[in-house]
Protein chains: 2
Amino acid sequence: MNKYEELSKIFKTLCEPIRLQILDILSCDEMCACKILEGLLISQSTLSHHMKVLINSGLVTSRKDATWIYYSINRENIEKLHVSIEELTSQKDNCICQKTDNNCKKA
Amino acid sequence: MNKYEELSKIFKTLCEPIRLQILDILSCDEMCACKILEGLLISQSTLSHHMKVLINSGLVTSRKDATWIYYSINRENIEKLHVSIEELTSQKDNCICQKTDNNCKKA
DNA sequence: TATAAACATTTACGCTTGTCAATATTTATA
DNA sequence: TATAAATATTGACAAGCGTAAATGTTTATA
């Protein structure tokens with residue numbers, strides 16, 4: 001998997017409104033799935049699916065306590081996302097664009 | 001459209017590896033579509049489709065010159081994206097999470 | 001041990017979207 | 001005006017994914 005595919009995996013996670021809402025709900029503190037579900041209009045199985053996607057992306061972590069699972073934002077990986085976006089879009093040496101001869105007639 | 005749907009529109013744009021590669025190609029300078037295409041393994045019509053998606057998201061702008069169209073990154077909206085991610089994931093007053101009574105038994 | 005609560009998994013369905021071939025449009029130039 | 005280059009659009013198809021009902025698993029407790 002190249003770097004674009006790696007990064008796109010994070011964005012695929014973020015491209016569903018309901019998952020953004022879940023991150024918002026988790027922005028202040030950890031919360032168990034049953035409480036997250038209370039604020040949403042989706043089924044329990046659908047929430048479970050979305051939490052799995054969030055966990056797999058690395059944007060959210062979980063801990064188990066008895067029958068509850070507490071989810072929280074992985075702030076380290078949120079910061080890594082900021083860095084990745086910056087690295088992708090900012091001017092840089094040895095850029096991929098320099099591998100193309102840019103002799104297209106310019107204005 | 002609520003704020004989650006608005007933001008998800010940006011992430012939907014970024015969730016395709018080929019569009020991330022296009023942003024990378026544009027990271028140093030503007031480039032016309034025919035030159036962008038040289039560095040990719042997709043058809044012309046597919047590139048045209050992706051450029052339209054990038055334009056519609058606001059992440060890329062374009063200017064026309066004769067038969068060429070030059071595309072460039074809209075850095076102002078990249079910065080807005082950083083702010084949106086920060087606003088979503090950081091702790092804040094009047095957070096959506098406080099609207100749920102968090103009386104779930106904690107460890 | 002039986003029951004209930006919390007969460008995960010399986011299965012099926014429908015919608016979205018990436019892809020390309022074919023064609024259309026626009027502009028420069030011979 | 002005819003041709004070629006650059007880009008957009010249309011149409012069709014396949015793959016990915018969000019969704020929920022039904023069911024399974026784990027844990028606490030009566």
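In the text below, chain A, chain B and the rest are named by the order of the sequence lines, each starting its count at 1. Hydrogens, waters and symmetry mates play no part in the numbers below; they use all other heavy atoms, side chains included.
One finds no side-chain N or O of A/Lys35 lying less than 4.0 angstrom from the OP1 or OP2 phosphate oxygen of C/dA6. At the phosphate of C/dT9, OP1 or OP2 sits under 4.0 Å from a side-chain N or O atom of A/Lys52. Between A/Thr67 and the phosphate of D/dT27, there is no side-chain N or O to OP1/OP2 separation shorter than 4.0 Å.
D/dT7 atom C1' lies 15 Å from atom NE2 of B/His50, rounded to whole Å. Between the P atom of D/dT19 and the CG atom of A/Leu37 lies a distance of 13 Å, rounded to the nearest Å. The distance between atom CG of A/Asn56 and atom P of D/dC17, rounded to the nearest whole Å, is 12 Å. The CD1 atom of B/Ile69 sits 11 Å away from the C1' atom of C/dT27 (whole-angstrom rounding). Here the C1' atom of nucleotide C/dG18 and the CG atom of B/Leu14 are 16 Å apart, to the nearest Å. The distance from atom CH2 of B/Trp68 to atom P of C/dT29 is 8 Å, rounded to the nearest whole Å. Remark: C1' of C/dC20 and CD1 of B/Ile18 are 14 Å apart, rounded to the nearest angstrom. Look at CG on A/Leu41: it is 18 Å from P on D/dG18, rounded to the nearest Å.
Looking at B/Gln44, its side chain comes within 3.5 Å of the base of D/dA8 through a donor and an acceptor atom. In this model, a side-chain donor or acceptor of B/Ser45 finds a partner on the base of C/dA21 within 3.5 Å.
Considering only heavy atoms from C-beta on, B/Tyr70 comes within 4.5 Å of B/Asp65 through its side chain. Using a 4.5 Å heavy-atom threshold, the side chains of B/Leu54 and B/Leu26 count as separate.
Summary of the strand contacts: A/Lys64 and A/Ile42 both lie near DNA chain D, and taking for each the nucleotide with the nearest heavy atom, the more 5' one is attributed to A/Ile42. Toward the 5' end of DNA chain D, the nearer of the two residues A/Lys12 and A/Thr46, judged by each one's closest nucleotide, is A/Lys12.
Base contact: A/His49 has a heavy atom under 4.0 Å from a base atom.
Picking from C/dC7, D/dT27, D/dT9 the nucleotide with the shortest atom distance to the side chain of A/Ala66 gives D/dT27.
Under 4.0 Å is where a charged nitrogen must lie from a carboxylate oxygen, and between B/Lys92 and A/Asp24 at least one such pair does. Using a cutoff of 4.0 Å between basic side-chain nitrogens and carboxylate oxygens, A/Lys35 and A/Glu38 are scored as salt-bridged.
In summary, the side chains of B/Ser45 and B/Ser48 do not present any donor paired with an acceptor at a separation below 3.5 Å, with no hydrogens or angles considered.
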